[in-house]
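First the structure, in the form of structure tokens, and then the observations on it.
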Amino acid sequence: MQGKALPGFRDFYPEDLSLRNHIFATWRNVARRYGFEEYDGPPLEALDLYTRKSGEEIEQQLYSFRDKGDRDVALRPEMTPTLARMVAARGQALKKPIRWFSIPQLFRYERQQRGRLKEHFQLNMDIIGETSALADAELIAAAIDIMRAFGFGPGDFKVRISDRRVLRTLLLGYDIREDSLLQAFAMLDKTSRDEEWVTWQLGGAYTGSGQTSRPIPRRSLIGLEPVSALLSSLPGGAQAIEPLRETVATLTTMGLGDFVEVDLTIVRGLAYYTGIVFELFDTQHRLRAIAGGGRYDRLLKAAGGPDLPALGFGMGDVVLSELLKERGVAPRASIELGAFLIAVGGDDMPWVLKLAHAMRDRGIAVEYGLRHTGVRKQLELAAARGAPRAVIIGPEERHAGLAVVRDLNAGTEAKVPLDKLLNGYFD
Ligand code: HAM
């Protein structure tokens, strides 16, 4: 028998699961505050849902196989194609804009490294049916507020925002041919942050006279003002930058300006994005992106559905867990007992059983020793289980309808009537 899970897959021991539950609860809480409804889909989909639409990178990472019914299938590597399929199937029947969220487990055959596994859970929040930049700002604000809900501030992470419409205008203005844009995007996505200049090595990708790449200083691609200045000199530039400007202005009005940075070197690896794209990073940029998303206005139509604009983001649990553990804000206990019940002698056990059951019926978490031992041993077990109190029943207490409640932290004791224990004592 193998001692470990497959490489890149995780066992969730109780302390790990309590962190995961904390992450899910925070995600659900903020999604609810933003008025998003939860949905889910199947973990296994038809293979062709992912080929072509998601892009080459994800295609190479698919867990795919032929099933016993001779269907080519794949474990879902991302949620967006499933969402597009589900919305396309209901078409016009759904009320717009749709505001949905989901927490799927996803599978990608990636080389395992820090923050990157072969499976992860990913919060997805998407809005479908809205072109306004208010929708872009709404989703970015939700991503920021999730991080704030975990206790992170502007010193801990930043959202880098870009726009593929701006990038398109920029690259066309730099004489790159329309049919080479995707290739140029991919190249920009891979350029190092340490390089002072951004250049494109794209043989034969240039129009007319400009047969070579004109380098752009990296600093003119970062910050709204430098980017505006760069764009204003290009045809269509002033118009192309409007949605980005509006999104940043909206976030600033919300009081979230400190979290946001315009950065045109953000492109995103997935093929379907058409407008604003963004990624969340820890400020030191030590880990992979915490979250990423953007607008994908043409995917629904391509999925055979209605021609609806759409946008969303995904936030993974892996990088987030690393950050939470580093800061020591991860919760530890996975159970919180109200009390540990102790029978002084074997004859007291029926009373303990009755009381335990009545307390559980009232929603109080209690435990007792599953084999009878001496009181000292039971008190040790109570402390080991992290119980704040022991409720002790002996012959004397039984006859008086009482229990001794010992505060295991303070070491103090009080006699408490049984009916009081059941009614309000633990509230
Ligand atoms: P993505 O950038 O591929 O986007 O993934 C989003 C986030 O999921 C990443 O920033 C990262 O935190 C986490 N993640 C991705 N792959 C792994 C992995 N192998 N191990 C650990 N964490 C990982 C998407 O998937 C888009 N479908 C998101 C989206 C939703 N766009 C619009 N709506």
Side-chain angles (χ1 to χ4, degrees), residues 6-10 20 23 27 31 36 39 41 45 49-50 53-63 75-87 98-128 130 135-136 138-140 142-143 146-147 150 157-162 164 189 266-282 285-300 303 308-324:
L6 287 170
F9 288 80
R10 293 170 289 178
R20 187 175 109 186
I23 291 174
W27 281 347
F36 279 63
Y39 72 99
E45 290 271 18
L49 190 64
Y50 306 109
K53 288 183 209 89
S54 296
E56 232 174 82
E57 196 172 304
I58 282 219
E59 240 182 281
Q60 284 162 8
Q61 297 167 347
L62 282 175
Y63 269 92
L75 286 172
R76 58 186 173 192
E78 57 154 340
M79 196 59 174
T80 313
T82 298
L83 173 66
R85 182 181 61 66
M86 287 169 66
V87 171
I98 293 162
R99 302 161 73 97
W100 283 4
F101 81 97
S102 190
I103 308 181
Q105 187 173 23
L106 306 177
F107 304 87
R108 297 182 188 182
Y109 201 92
E110 293 199 67
R111 208 167 58 80
Q112 184 191 345
Q113 45 186 280
R114 190 163 178 222
R116 194 182 291 260
L117 300 174
K118 290 193 170 68
E119 57 73 27
H120 71 283
F121 290 90
Q122 192 188 86
L123 168 71
N124 276 247
M125 287 179 77
D126 292 83
I127 297 177
I128 294 175
E130 186 51 69
D136 298 76
E138 175 90 335
L139 277 176
I140 296 170
I146 288 168
M147 294 302 284
F150 282 117
F157 74 97
K158 286 277 181 282
V159 186
R160 306 218 149 82
I161 312 181
S162 175
R164 286 203 175 175
D189 194 34
I266 297 294
V267 182
R268 308 266 306 128
L270 292 155
Y272 46 66
Y273 292 114
T274 54
I276 297 263
V277 280
F278 62 94
E279 287 187 339
L280 258 79
F281 285 98
D282 63 290
H285 225 285
R286 288 165 306 128
L287 302 165
R288 75 173 288 169
I290 304 162
R295 217 171 236 292
Y296 51 97
D297 284 347
R298 287 193 280 275
L299 187 64
L300 271 120
L308 284 172
L311 63 159
F313 72 85
M315 180 182 286
D317 67 327
V318 181
V319 179
L320 204 52
S321 300
E322 297 261 341
L323 290 173
L324 289 170

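Each residue takes its place number in the sequence, starting with 1. Note that this is a predicted model, so its numbers are computed, not measured. Atoms within each ligand, like the ligands themselves, are counted from 1 in listed order.
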Heavy atom of Tyr272, distance to ligand 1 below 4.0 Å
yes
Please state whether Arg288 comes within less than 4.0 angstrom of ligand 1, counting heavy atoms only.
yes
Would you indicate which of [options] comes nearest to [atom] when only heavy atoms are counted?
atom	options	answer
atom 21 (C) of ligand 1	Gly294, Gly115, Gly316, Ala310	Gly115
atom 4 (O) of ligand 1	Glu279, Glu78, Arg268	Arg268
atom 20 (N) of ligand 1	Thr80, Thr82, Leu117	Leu117
atom 19 (N) of ligand 1	Arg116, Met79, Glu110	Glu110
atom 11 (C) of ligand 1	Ala84, Ala289, Ser102	Ala289
atom 29 (C) of ligand 1	Tyr273, Phe121, Tyr109, Phe107	Tyr273

For ligand 1, indicate whether the residue [X] contacts it via side chain, backbone, both or neither (heavy-atom separation under 4.0 Å).
X	value
Phe313	backbone
Ile290	backbone
Leu270	side chain

inquiry  = If we ignore hydrogens and angles and just use 3.5 Å, is the side chain of Ser102 paired with the main-chain N or O of Asn124 as donor and acceptor?
reply    = no
For the side chain of Arg298 and the backbone of Thr274, is there at least one donor-acceptor N/O pair under 3.5 Å apart? no
Which atoms of ligand 1 have any heavy atom of [X] under 4.0 Å away?
X	result
Gly292	10 (O), 28 (C)
Asp126	30 (C), 32 (C), 33 (N)
Asn124	30 (C)
Val318	21 (C)
Gly314	6 (C), 7 (C), 28 (C), 29 (C), 30 (C)

Q.
Between Ile98 and Asp126, is the side chain to side chain contact (heavy atoms under 4.5 Å, CB included) condition met? List the steps.
A. CA-CA 8 Å; Ile98 293 162; Asp126 292 83; over 6 Å; no
Practice problem: Before accepting this row, confirm whether a basic side-chain N of the pair Arg286/Glu322 lies closer than 4.0 Å to the acidic partner's carboxylate O. | Solution: no
Self-check item: Electrostatic pair Asp317:Arg20 at N-O distance under 4.0 angstrom
Solution: no
Which word best sums up how the rings of Tyr296 and Tyr273 line up, parallel for under 30°, tilted for 30 to 60°, or perpendicular for over 60°?
-> perpendicular
Sorted by chain and number, sequence neighbours left out, side chain to side chain contact (heavy atoms under 4.5 Å, CB included) with Tyr63 holds for Phe9, Leu75, Phe107, Tyr109, Lys118
When rounded to the nearest 0.5 Å, the distance separating CZ of Arg99 from CD of Glu138 is 4.5 Å
Output for pair (Arg268 CZ, Arg164 CZ), nearest 0.5 Å, gives 8.5 Å
If you measure every N/O of Tyr296 against every N/O of ligand 1, is any gap under 3.5 Å? no
closest protein heavy atom to atom 5 (O) of ligand 1 is Gln122 NE2, 3.1 Å
the protein heavy atom lying closest to atom 14 (N) of ligand 1 turns out to be His120 NE2, 3.3 Å
From the list Ile266, Leu287, Val319, Ile290, side-chain contact (heavy atoms from CB on, under 4.5 Å) partner of Phe281 resolves to Ile266
Report the C-alpha distance between Met315 and Met147 in whole Å, list the side-chain angles of each, state the deciding distance to 0.1 Å, and finish with yes or no for side chain to side chain contact (heavy atoms under 4.5 Å, CB included).
CA-CA 10 Å; Met315 180 182 286; Met147 294 302 284; 4.2 Å; yes
